[in-house]
Amino acid sequence: MTGPLTQPVTMAKALNEGLRKAMEVDDKVVIMGEDVGKLGGVFRITDGLQKDFGEHRVIDTPLAESAIIGTAVGLAIRGYRPVCEIQFDGFVFPGFDQIVSQVAKFHNRSAGMVKMPITIRIPSGGGIGAVEHHSESVETYFAHTAGLKVVACSDPSDAYWMVQEAIADDDPVIFIEPKRLYHAGKGAIADAPTPLYQARVTRPGQHVTVAGYAGCVPTMLEAAKVAAEDGIELEVIDLRTVSPLDTATVIDSVQRTGRLIVVHEAPQSFGVGAELAARVTEQAFYSLEAPVLRVTGYDTPYPPSRLEHEWLPNLDRILDTVDRILEY
């Protein structure tokens with residue numbers, strides 16, 4: 001991995017530059033996906049890469065996610081490091097069989113002889129007023145699958161570094177990109193990355209730990225700022241990785257605050273919040289002053305765009321949950 005950008009950039013630009021650096025470092029890195037070449041991707045994440053690296057390394061594919069992932073498996077067997085772009089989160093399911101049956105299992109099936117260094121980038125989550133199948137939160141499907149790693153960036157610096165680290169990993173990585181943050185603002189790039197599979201305390205606090213990932217992190221930080229006006233200090237943790245889940249960082253925080261709220265866009269039942277709540281209850285039960293609470297999407301299909309602001313975790317829902325957990 002090479003050094004960071006010197007000027008603040010959007011998350012979209014950070015991802016673009018991270019991909020560019022990975023391709024410069026290793027000529028076995030190839031990018032594949034629908035409209036990733038001449039168009040530069042629906043969100044312009046791969047803009048300019050085909051012009052600079054050629055059509056043999058930035059490949060416009062047919063509209064067939066199963067074929068994209070299946071081709072990536074073959075390339076990985078031959079020593080390449082494919083980076084697959086799924087155009088929208090809800091479009092990943094035609095490729096789901098290839099991901100869970102081949103990508104996730106090939107290393108184990110071959111007794112470690114064949115690696116699967118495949119990165120599957122998925123623009124994820126809501127908040128952009130999109131139509132059906134364009135605002136899904138699919139991470140739990142893949143976190144449940146042994147053999148896959150699942151990570152999620154939430155700011156430009158992490159986006160820049162994490163995509164390079166994911167591509168360099170010899171294991172397959174599902175790379176979650178919160179699409180509502182692509183152009184939400186600019187941020188500086190850190191001089192060095194936080195280790196890929198490690199959570200990070202983004203705001204210290206003493207009263208309540210609030211943990212989440214991807215598009216929910218800015219909302220959590222906003223809630224912490226508002227709560228501080230009333231003298232309540234929230235400790236905000238960006239999980240950064242859904243699988244393997246960094247439980248230790250969360251438990252260390254809960255041992256100091258005594259309370260935990262987990263936030264994510266995906267539906268509540270059987271989600272990341274439930275898993276984290278179970279682990280913290282098992283490993284830090286005597287540190288808890290209250291039950292672990294969750295602020296999540298609802299157990300329904302994603303709603304029409306005009307209703308998504310009611311469905312997504314927002315500032316008021318997080319602050320209401322803070323009030324609830326402090327009442328115990």
Side-chain angles (χ1 to χ4, degrees), residues 139 151-159 161-162 178 181 184-185 187-188 190-266 268 271-297 312-328:
E139 59 271 13
V151 304
C153 55
S154 68
D155 61 42
S157 184
D158 262 355
W161 286 114
M162 287 172 71
L181 300 185
D191 291 334
T194 301
L196 184 58
Y197 305 112
Q198 180 176 309
R200 182 178 67 238
V201 176
T202 58
R203 178 178 174 128
Q206 59 178 325
H207 297 123
V208 181
T209 300
V210 183
Y213 55 94
C216 290
V217 175
T219 309
M220 292 155 51
L221 290 169
E222 183 183 5
K225 183 178 179 181
V226 173
E229 296 174 0
D230 293 329
I232 301 170
E233 295 295 333
L234 306 182
E235 178 147 298
V236 177
I237 296 178
D238 182 353
L239 293 173
R240 301 178 71 247
T241 299
V242 174
S243 179
L245 193 59
D246 178 10
T247 312
T249 298
V250 179
I251 288 178
D252 178 70
S253 176
V254 169
Q255 287 174 337
R256 289 181 281 104
T257 66
R259 293 173 170 83
L260 173 63
I261 296 171
V262 189
V263 184
H264 57 69
E265 288 188 32
Q268 183 176 96
V272 177
E275 177 63 26
L276 189 56
R279 294 191 189 188
V280 170
T281 302
E282 289 174 358
Q283 299 177 43
F285 179 78
Y286 293 105
S287 296
L288 288 170
E289 301 290 340
V292 178
L293 300 182
R294 291 169 285 173
V295 183
T296 70
L312 293 168
N314 57 34
L315 178 65
D316 288 339
R317 289 177 62 195
I318 294 175
L319 292 175
D320 286 346
T321 307
V322 170
D323 289 340
R324 284 174 53 208
I325 205 167
L326 288 172
E327 290 175 355
Y328 284 95

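What's counted below: heavy atoms across the whole structure, side chains too, no hydrogens, waters or symmetry copies. These numbers were taken from a predicted model, which means no experiment stands behind them.
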Between the side chains of R256 and D252, is the shortest nitrogen-to-carboxylate-oxygen separation below 4.0 Å, so that they form an ion pair? yes

Worked verdict on I318 versus I261 for side-chain contact (heavy atoms from CB on, under 4.5 Å): CA-CA 8 Å; I318 294 175; I261 296 171; 5.5 Å; no

Is the backbone N or O of [Y] less than 3.5 Å from a side-chain atom of [X], with the two atoms forming a donor-acceptor pair by type?
X    : Y    : result
T202 : V236 : yes
D230 : I232 : no
S287 : V254 : no
R240 : Q198 : yes

Minimum heavy-atom separation for [X] and [Y], please, with both atom names.
X    : Y    : result
G215 : P178 : N-CB, 3.5 Å
M220 : I237 : CE-O, 3.5 Å
A190 : W161 : O-NE1, 2.9 Å
A214 : D238 : N-OD1, 4.5 Å
V292 : A277 : CG1-CB, 3.6 Å
A224 : L234 : CA-CD1, 3.7 Å

Nearest 0.5 angstrom please: [X] [atom1] to [Y] [atom2], how far?
X    : Y    : atom1 : atom2 : answer
C153 : L181 : SG    : CG    : 8.0 Å
T257 : E233 : OG1   : CD    : 12.5 Å
L319 : T219 : CG    : OG1   : 10.5 Å
R259 : R324 : CZ    : CZ    : 13.0 Å
L221 : C216 : CG    : SG    : 11.0 Å
I325 : E289 : CD1   : CD    : 10.5 Å

Out of T249, D158, D246, which one pairs with R200 under the side chain to side chain donor-acceptor pair (under 3.5 Å) rule? D158

Taking the side chain as every heavy atom from C-beta outward, state whether [X] and [Y] have any atom pair closer than 4.5 Å.
X    : Y    : value
Y197 : V151 : yes
L245 : V250 : no
V217 : D155 : no

Matching residue for Q268 among T296, V295, V262 - test: side chain to side chain contact (heavy atoms under 4.5 Å, CB included): T296

